[in-house]
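What follows is a set of notes on a single structure, which appears directly below.
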Amino acid sequence: MLQRVLVGMLFGSLAWGQMAPAAPQPTPAAPTALDAKSSEASNLPPDTPVITIQGICDHPAGDKSAVADCKIVVTKAEFDAIIRAIGSNMPATARRQLAARYGSALVMAQKAHEMGLDQGPKFEEMMKLKRLEISMQLVTQAVQQKASEVPDKDIEDYYNKNLASYEEATFERLFIPRNKQLDTPKVKLTPAENQKRQDDATAEMKKEADTLRARAVAGEDFTKLQLEAYTFAGLKSTPPTQKLNKARRNSLPPAQASIFELKAGEVSPVITDMSGYFVYKLEDKDALPLTQVHDEIFGTLKSEKVQEAMQALQHSGTPELNDGYFGPADATPAPPMSGHMPTSPLPRPGPKPPTLGPK
């Protein structure tokens, strides 16, 4: 009984990455001494003791005479069952860490039993919550497993339908700051005069962006133009690199994705951003082969299937809360279903980070 309880307790903290999307398998490394040891361990008989705890065992209350001869033994078969319950892909080093924690938990559980802490209403309510958590995890794992069944035909169809998403291009990029560094005025200006001064400087930068774009169309060097842009803006910092190598649409802000429609050697219009103005020149563009993005598409389709399945589960039953007990609902949306029961208040989403300038 205690071991079954402990497996449930360890489920939440030792999921060993089951919930994460499957990553592409790396190239197998050369066999190591640890691999050989793991292979040797797998050949041990099922009844081989793998965890032994001396001086701990069940005994009648008050009978301490046989404590010295007591011991708890976990066999290879028993520990392998725990591994299968938690995750069969657990590496050897993690198994040893789990064994150490499991052994310590067995000692604590036995002491809790001796103190009568594994009985009563509080224990039963905590076990109900733990059972719910494990049930949620098992459902989520089943959904993940089912979502992993993605036929190659679906991956090929998705690739052909979204071919533009897998284009890779190299650009020259020119960034012109929106704001100009102004010298301190020699006389005190009114707020209206200050505002006009700023507006005039902003207009100058926009005009400079148009001028530099025309010079880029005429074939002038982007490195030279970038230096001039920063000099005109009064910036002494090092300008960003003008080369954007092997970029994809999803690596750019949505407002700049149109540059993928350029032809080789063509220069884009001036693109306005909160931080300034951008001008791009396409050098070359090609589509990545399906073999190179196969795993990426697999992950995308799997994630979509998981999301659809979890939404269907969530919509299959909607909890109705008694406002008289919980108080009126606020504007915070209900959290999505996951494999874990929350044990602390859910944090509210924070503000979005500000948009940064070009890298």
Taking it one step at a time, do Glu125 and Lys130 satisfy salt bridge (Lys or Arg N to Asp or Glu O under 4.0 Å)?
CA-CA 9 Å; Glu125 290 304 318; Lys130 187 56 63 175; over 6 Å; no

Between Glu266 and Lys281, is the salt bridge (Lys or Arg N to Asp or Glu O under 4.0 Å) condition met? List the steps.
CA-CA 6 Å; Glu266 192 175 1; Lys281 180 179 180 179; over 6 Å; no

When you look at Thr48 and Lys76, which way does the side chain to side chain donor-acceptor pair (under 3.5 Å) test go after all the steps?
CA-CA 5 Å; Thr48 301; Lys76 174 181 179 294; over 6 Å; no

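One finds a salt bridge joining Asp200 and Lys196 here, because a Lys/Arg side-chain nitrogen approaches an Asp/Glu carboxylate oxygen to under 4.0 Å. Under 4.0 Å is where a charged nitrogen must lie from a carboxylate oxygen, and between Arg215 and Glu228 at least one such pair does. A salt bridge between Glu133 and Lys128 is absent, with no side-chain N of the basic residue lying under 4.0 Å from a carboxylate O of the acidic one. Of the charged side-chain nitrogens involved, at least one lies within less than 4.0 Å of a carboxylate oxygen, so that Glu220 and Lys224 count as a salt-bridged pair. For the pair Glu204 and Lys180, the salt-bridge criterion is met [side-chain N within less than 4.0 Å of a carboxylate O]. With respect to Lys285 and Glu168, no salt bridge is recorded, no charged nitrogen being found less than 4.0 Å from a carboxylate O.
No side-chain donor-acceptor contact under 3.5 Å links Gln314 to the backbone of Gln311. Judged by distance alone, the side chain of Arg197 and the main-chain N or O of Ala192 form no donor-acceptor pair under 3.5 Å. At distances below 3.5 Å, at least one donor-acceptor pair connects side-chain atoms of Ser104 with backbone N or O atoms of Ala100. Side chain of Arg178 to backbone of Asp273: a donor-acceptor contact under 3.5 angstrom is found. Proximity of a side-chain donor or acceptor of Lys305 to a complementary backbone N or O of Glu149 within less than 3.5 Å is detected. Within the 3.5 Å criterion, the main-chain N or O of Gly299 finds a donor-acceptor partner in the side chain of Ser303.
Judged as a side chain to side chain contact (heavy atoms under 4.5 Å, CB included), and not counting sequence neighbours, the contacts of Thr170 are Lys243, Asn245, Lys246, Glu283, Asp284. Residues satisfying the side chain to side chain contact (heavy atoms under 4.5 Å, CB included) test with Thr291, not counting sequence neighbours, are Pro289. Scanning for side chain to side chain contact (heavy atoms under 4.5 Å, CB included) contacts around Asp286 gives an empty result, with sequence neighbours left out.
Residue pairs meeting the side chain to side chain donor-acceptor pair (under 3.5 Å) criterion with at least one member in residues 154-166, sequence neighbours excluded, are Lys153-Asp157. Sorted by first and then second residue, the ring pair (Phe, Tyr, Trp, His ring centres under 6.0 Å) pairs with a member in residues 202-222 form an empty list; sequence neighbours excluded.
In the hydrophobic clustering (ILVMFWY side chains linked at under 4.5 Å, chained through shared members), Leu189 is joined by Val187.
Side-chain contact, Thr52 with Lys71: no donor N or O sits under 3.5 Å from an acceptor N or O. In summary, the side chains of Asp199 and Gln195 do present a donor paired with an acceptor at a separation below 3.5 Å, with no hydrogens or angles considered.
Between Tyr280 and Phe171, the angle of the ring planes goes over 60°, which puts this pair in the perpendicular group of the 30/60° scheme.
Val50 and Ile56 fall within a single hydrophobic cluster, where Ile, Leu, Val, Met, Phe, Trp and Tyr are joined by side-chain heavy atoms under 4.5 Å apart, directly or via other members.
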